[in-house]
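Residue numbers count from 1 along this sequence. These figures come from a predicted structure and were not determined experimentally. Quick note: numbers below take in every heavy atom, side chains included, and nothing from hydrogens, waters or symmetry partners.
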Amino acid sequence: MEPSEASGQRDTQALLSTTQEMELRRRDYHVERPLLNQKQLEELGRWSSVTGTHQWRTWLQCSHARARALLLQYLPVLAWLPRYPVRDWLLGDLLSGLSVAIMQLPQGLAYALLAGLPPVFGLYSSFYPVFIYFLFGTSRHISVGTFAVMSVMVGSVTESLAPDEDFLQDLNSTVNETARDAARVQLASALSVLVGLFQVGLGLVHFGFVVTYLSEPLVHGYTTAASVQVFISQLKYVFGLQLSSRSGPLSIIYTLLEVCWKLPQSVVGTMVTALVAGVVLVVVKLLNDKLQQHLPLPIPGELLTELVALGLSNLIGGVFQCFPVSCSMSRSLVQESTGGNTQVAGAVSSLFILIIIVKLGELFQDLPKAVLAAAIIVNLKGMLMQFTDICSLWKANRMDLLIWLVTFVATILLNLDLGLAAAVAFSLLLVVFRTQLPHYSILGQVPDTDIYRDVAEYSEAREVPGVKVFRSSATVYFANAELYSDTLKQKCGIDVDRLISRKKKLLKKKELKLKRLLKEEKLQRQAAASKGTSVSINANTSIRDIESNNMEGSKAKQVSAGKELEDTAASGQEDAKAPDGSTLKALGLPQPDFHSLVLDLGALSFVDTVCLKSLKNIFRDFREIEVEVYMAACHTPVVTQLEAGHFFDASITKQHLFASVHDAVVFALQHPRSGPVSPVSVTQL
């Protein structure tokens, strides 16, 4: 081939349109297979139900391997510590542990204030639980310790059960802080033990799956509302105000109003201290962000100013007068970003806190609360920045934005516990509501393919003449089954219920007419019989002649009248019993413009009794108007549930269920319920 010819061909190929290229590629693929209904598919694939395994038998087995597996499962440090690569990971864990400890120390002191406890107990809660998690924890990057949201929850308990009013001294009406703090420490320790017991129990039964019901917008809205509550709760320390202790719904609103009311009583020195501390902390954090790639450890700015492991951390920590702890998102991020590889980083940070407690613990007995409040407020930056989620969710998904806003408002108004419950309930109800209003569509075939798409969305998708294909975007169950049936009938373009009602009325009218004719026949026969026996006898005529004439005349009249009625009744009976006697066409009713209906059930994930009943009613109603119904694209678990619910019988078999929509459409065209085959050639599909 000459170079000029080769270049010419290349130019020609370059000028081919995208459609032509697709056409050329399409010709290279040709797939032929027989149509498969569910019964044929099961026979071809040799389907058999999977026998369920009895998990309890495994639980009750006793062996050395089983005992070792249980030990390593609940004491994982024995599994990973012997294989710990010292040379590769130790330096990273040491640096990460020191970085986390630098954050842990001021946060422990400050968050103890949120819990209503003396600051030193925040250090206790930063040591014991962290070390326990080192032994029993499974996550390599989680930083356990004091957490703002958890501390606020603890504070709501301690302040409600041990309010300041219970510790007023008789002489000068001042609060006995020593007695109050001792009582609150006991409450917090008892709460920690109870929380640990609950967490251990829930962890043993693998109850951690409940977190799947906490969507990301819900968590962000909740933590943002919690940060607002923390911010408002610290204003009394920033301004040096004495406020009444409140808990329960709307407590944060009343606290904010009281702060605004008492602003003229603010202490200037306290305000200046909080302001200076806050500015220093912000500057230091900005420097850390700018220089984090060049610093082995963050600048200690604050110093300058699936549940079992957590349960054991809280349970054992409560024995040592700690309050409940949790995972800290900010410290977990720092631990991972600074090179933390295993739980050794947590052990290093806890040992660092222990040194602080032993050597410098007395220095933190009487810290200025304004400084701690400033540290708390500055550390809320990350959670308060989640307000930007509102703009992004408005553009991305407004349903998620609704969950975010409802969670935020509910948590602000109802407090953290009731707000979380209300948010979860609203989120689940919204899921149910969204499944009640799915997207219903009539599908058409994309040209030259076996793909079916919504004709309202795809302009080139065409409905197959004589066949309607209906699809729902959600599973069908008790909450939306009625809507599914109603929308199906509406999308088909014919009032199915009204047509069935008219058909039943005409059939009943025809049946009543037949009964009336049969009754008239019976009466006329009786009348003719009685008239034949009441003939008078003439004396001038022989008895034999009279009897002969009367018998012949009555018989002739009876036969002629009876024959007319018999013909009418017989014709009515033939109309009623004939195959076409009760058809829509014979009754003079309009016929649907399609002979087959295909239900695309690919979205079904389960079926309940209401779904089974609705599907059976759809088969019954459409067959009444001479439309055959088929189902397509059912998953195997759904087919199993249909069998268990006795859905298949003599009238609905697995031959009405097809492997794909295309199989069902082709079969429907080959086997129309009534009338001729659709003008569309089957080979075209």
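Residues satisfying the ring-ring contact (aromatic ring centres under 6.0 Å, His included) criterion with Phe134, sequence neighbours excluded, are Trp80, Phe131.
Summarising the geometry of Thr158 relative to Gly155, their closest heavy-atom pair is OG1-O, 3.1 Å, with the distance given to 0.1 Å. For the pair Ala162 and Arg180, the tightest heavy-atom approach, listed with the atom from each and the gap, is O-CG, 4.3 Å. Shortest non-hydrogen contact noted between Val130 and Ser349 is CG1-OG, 3.9 Å.
Between the side chains of Ser350 and Tyr128, no donor N or O sits under 3.5 Å from an acceptor N or O.
Figure legend: Arg398 and Trp394 shown as a cation-pi pair, the cationic atom lying under 6.0 angstrom from the six-membered ring centre and within 45 degrees of its axis.
At least one donor-acceptor pair closer than 3.5 Å links the side chain of Ser227 to the backbone N or O of Thr224. At distances below 3.5 Å, not a single donor-acceptor pair connects side-chain atoms of His220 with backbone N or O atoms of Trp404.
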Quiz: residues 232-241 side-chain donor-acceptor pairs under 3.5 angstrom, not counting sequence neighbours:
residue	atom	partner	partner atom	Å
Ser233	OG	Gln229	O	3.3
Ser233	OG	Val230	O	2.7

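When ring centroids are compared, Phe352 and Phe127 stay outside the 6.0 Å threshold.
At least one side-chain heavy atom of Leu109 sits under 4.5 Å from a side-chain heavy atom of Leu123.
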Review point. Are Leu191 and Leu187 close enough, and set up right, to give a side chain to side chain contact (heavy atoms under 4.5 Å, CB included), and what steps lead you there?
Key: CA-CA 6 Å; Leu191 179 63; Leu187 287 172; over 6 Å; no

